[in-house]
Amino acid sequence: MAGHRKTRKGKQTTTILVVRVFAIILLCLGLFVAFRYYRRQALQQEQIRQAELAKQEAAAKLLRQKKAFIQKVGPISQKVDKGTGLLPSITIAQACLESNYGQSALSQKYNNLFGVKGTNPNTSAVMTTKEYSNGKWVTVKARFQIYDSYEASIRAHVRLFQQGTSWNKDQYKDVLAAKDYKSQAKALVTDGYATDPDYSTKLINLIEQYNLNKYDN
């Protein structure tokens, strides 16, 4: 009888031990899974944070580039536009929009800020560009004028408005008659300078975003 009790007690002890071991294993597994989960969450959060930081740094860099370009062409536009009827804010906004703030291949390689076409092979280069034609954007190859500086490009731009086109010397009379940047931006479209129907809106937004009308004073 005593031997039987000892055997049963031994079995109970073994069972308890097995249960405890199993519980410890489950606990360890739970802790391991929780650790892996929170570690993965932490890594994901860090990746998101790093991506957001990189995005902010890229945006800040881009903004610095844009402002640097404006600071470069602003004084030139003020000097060249003076007394011509063309507002510096319009010239600066056009340069920003048409050259992508001096980042376009055309402006970087050839100082051509306004996409001016050329005919003389000695003073122009063939490049690919997009133009708005028949209600849609199309990619075309065209010959563009080469300039030795931003100032030369801006001076040629002003001459276009003053002298008009070869078929109409008064092509841009409404542009030059406008006395504020909003009217002048809209006149660029009505006088046929731009093919993009949203061109005037884009210029006005740029002028107001960067306070470019301060160059008109």
Side-chain angles (χ1 to χ4, degrees), residues 62 65-66 68-74 76-77 79-81 84-178 181 183-207 209-210 212 215:
L62 182 61
Q65 288 177 340
K66 289 179 176 181
F69 177 76
I70 290 170
Q71 290 171 357
K72 184 173 183 178
V73 299
I76 298 174
S77 299
K79 179 177 70 174
V80 176
D81 288 343
T84 65
L86 195 64
L87 295 173
S89 61
I90 289 292
T91 300
I92 299 165
Q94 285 184 291
C96 291
L97 184 61
E98 296 183 34
S99 74
N100 189 24
Y101 298 87
Q103 298 302 304
S104 69
L106 189 58
S107 61
Q108 290 187 337
K109 290 182 179 179
Y110 306 117
N111 294 308
N112 190 329
L113 297 174
F114 306 99
V116 176
K117 302 288 179 60
T119 55
N120 186 343
N122 295 320
T123 59
S124 63
V126 175
M127 295 191 72
T128 300
T129 185
K130 285 187 176 182
E131 294 184 352
Y132 194 82
S133 177
N134 297 323
K136 61 180 181 179
W137 287 100
V138 293
T139 300
V140 298
K141 281 189 174 181
R143 186 171 290 279
F144 292 91
Q145 192 67 32
I146 297 172
Y147 298 103
D148 59 9
S149 66
Y150 281 177
E151 182 169 340
S153 179
I154 292 173
R155 287 191 180 281
H157 183 66
V158 172
R159 282 196 300 273
L160 171 66
F161 288 102
Q162 289 182 308
Q163 298 174 6
T165 60
S166 58
W167 58 89
N168 182 5
K169 64 182 180 63
D170 294 322
Q171 179 78 38
Y172 303 113
K173 62 182 180 65
D174 296 321
V175 174
L176 298 178
Y181 67 85
S183 299
Q184 202 160 87
K186 292 174 183 177
L188 285 168
V189 176
T190 55
D191 281 356
Y193 173 86
T195 55
D196 181 355
D198 298 321
Y199 188 77
S200 60
T201 300
K202 292 175 181 177
L203 290 183
I204 291 170
N205 289 341
L206 276 175
I207 291 170
Q209 181 179 357
Y210 295 104
L212 301 182
Y215 289 98

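Model, not experiment: these values are computed from the prediction. When reading the values below, keep in mind they use all heavy atoms of this one structure, side chains included, and skip hydrogens, waters and symmetry mates.
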message = My understanding is that only residues two or more places apart in sequence, or in another chain, count here; which of them pass side-chain contact (heavy atoms from CB on, under 4.5 Å) with Ile146?
response = Tyr110, Ala125
query = What pairs with Ser166 under side-chain contact (heavy atoms from CB on, under 4.5 Å), at least two apart in sequence or on another chain?
reply = none
ask   = In Å and rounded to the nearest 0.5 Å, what is the OG to CG distance from Ser104 to Leu97?
value = 11.0 Å
ask   = Which residues satisfy the ring pair (Phe, Tyr, Trp, His ring centres under 6.0 Å) test with Tyr101, sequence neighbours excluded?
value = none
Spacing of Asn100 atom CG and Leu106 atom CG [to the nearest 0.5 Å] = 12.0 Å
message = According to side-chain hydrogen bond (donor to acceptor under 3.5 Å, both in side chains), who are the partners of Asn112, at least two apart in sequence or on a separate chain?
response = none
remark   = Note: Leu206 and Cys96 closest approach over all heavy atoms is CD1-CB, 4.2 Å
request  = Please say whether the positively charged group of Lys72, taken as NZ for Lys or CZ for Arg, lies over the ring of Tyr150, i.e. under 6.0 angstrom from the six-membered ring centre and within 45 degrees of the axis.
outcome  = yes
Asp174: partners by side-chain contact (heavy atoms from CB on, under 4.5 Å), with sequence neighbours left out = Ala187, Asp191
ask   = Is the count of non-hydrogen atoms from other residues, nucleotides or ligands lying under 6.0 Å from Lys173 atom NZ greater than 12?
value = no
query = Once you round to the nearest 0.5 Å, how far does CD1 of Ile76 lie from CD1 of Ile154?
reply = 5.0 Å
task = Heavy atoms only: give me the nearest Ser124-Gly118 pair and the separation to one decimal.
result = CB-CA, 4.1 Å
key: Shortest non-hydrogen contact from Leu160 toward Tyr172   = O-CD1, 3.6 Å
Those residues that, when tested against Thr123, pass side-chain hydrogen bond (donor to acceptor under 3.5 Å, both in side chains) (two or more places apart) = Gln145
Residues which pass side-chain hydrogen bond (donor to acceptor under 3.5 Å, both in side chains) with Ser153, listed by chain and number, not counting sequence neighbours = none
task = For Phe69 and Ser99, work out which heavy atoms get closest and say how close.
result = CZ-OG, 3.5 Å
remark   = For Arg155, the salt bridge (charged side-chain N to carboxylate O under 4.0 Å, His left out) test, sequence neighbours excluded, returns Glu151
request  = Over all heavy atoms of both residues, which pair between Thr84 and Asp81 is shortest? Give the atoms and the distance, please.
outcome  = OG1-O, 2.6 Å
ask   = Run the side chain to side chain contact (heavy atoms under 4.5 Å, CB included) check on Val116 and Tyr147 step by step: do they pass?
value = CA-CA 10 Å; Val116 176; Tyr147 298 103; 3.4 Å; yes
request  = Under the side-chain hydrogen bond (donor to acceptor under 3.5 Å, both in side chains) rule, collect the residues that match up with Ser200, sequence neighbours excluded.
outcome  = none
key: Results of salt bridge (charged side-chain N to carboxylate O under 4.0 Å, His left out) for Lys202 - residues two or more places apart only   = Asp196
request  = Decide side chain to side chain contact (heavy atoms under 4.5 Å, CB included) for Gln103 and Gln108; before the verdict, give the C-alpha distance in whole Å, the side-chain angles of both, and the deciding distance to 0.1 Å.
outcome  = CA-CA 6 Å; Gln103 298 302 304; Gln108 290 187 337; 3.5 Å; yes
key: Phe114: ring pair (Phe, Tyr, Trp, His ring centres under 6.0 Å) partners, not counting sequence neighbours   = His157
key: Any residue meeting ring pair (Phe, Tyr, Trp, His ring centres under 6.0 Å) with Tyr199, in chain and number order, not counting sequence neighbours   = Tyr193
ask   = Applying the side-chain contact (heavy atoms from CB on, under 4.5 Å) test to Gln94, which of Leu188, Val73, Leu113 qualifies?
value = Leu188
Backbone of Ile90 reached by a side-chain donor or acceptor of Gln184 within 3.5 Å = no
ask   = What's the spacing between Ile92 CD1 and Gln71 CD if we round to 0.5 Å?
value = 11.0 Å
key: Check: Leu86 main-chain N/O paired with Gln162 side-chain donor or acceptor under 3.5 Å   = no
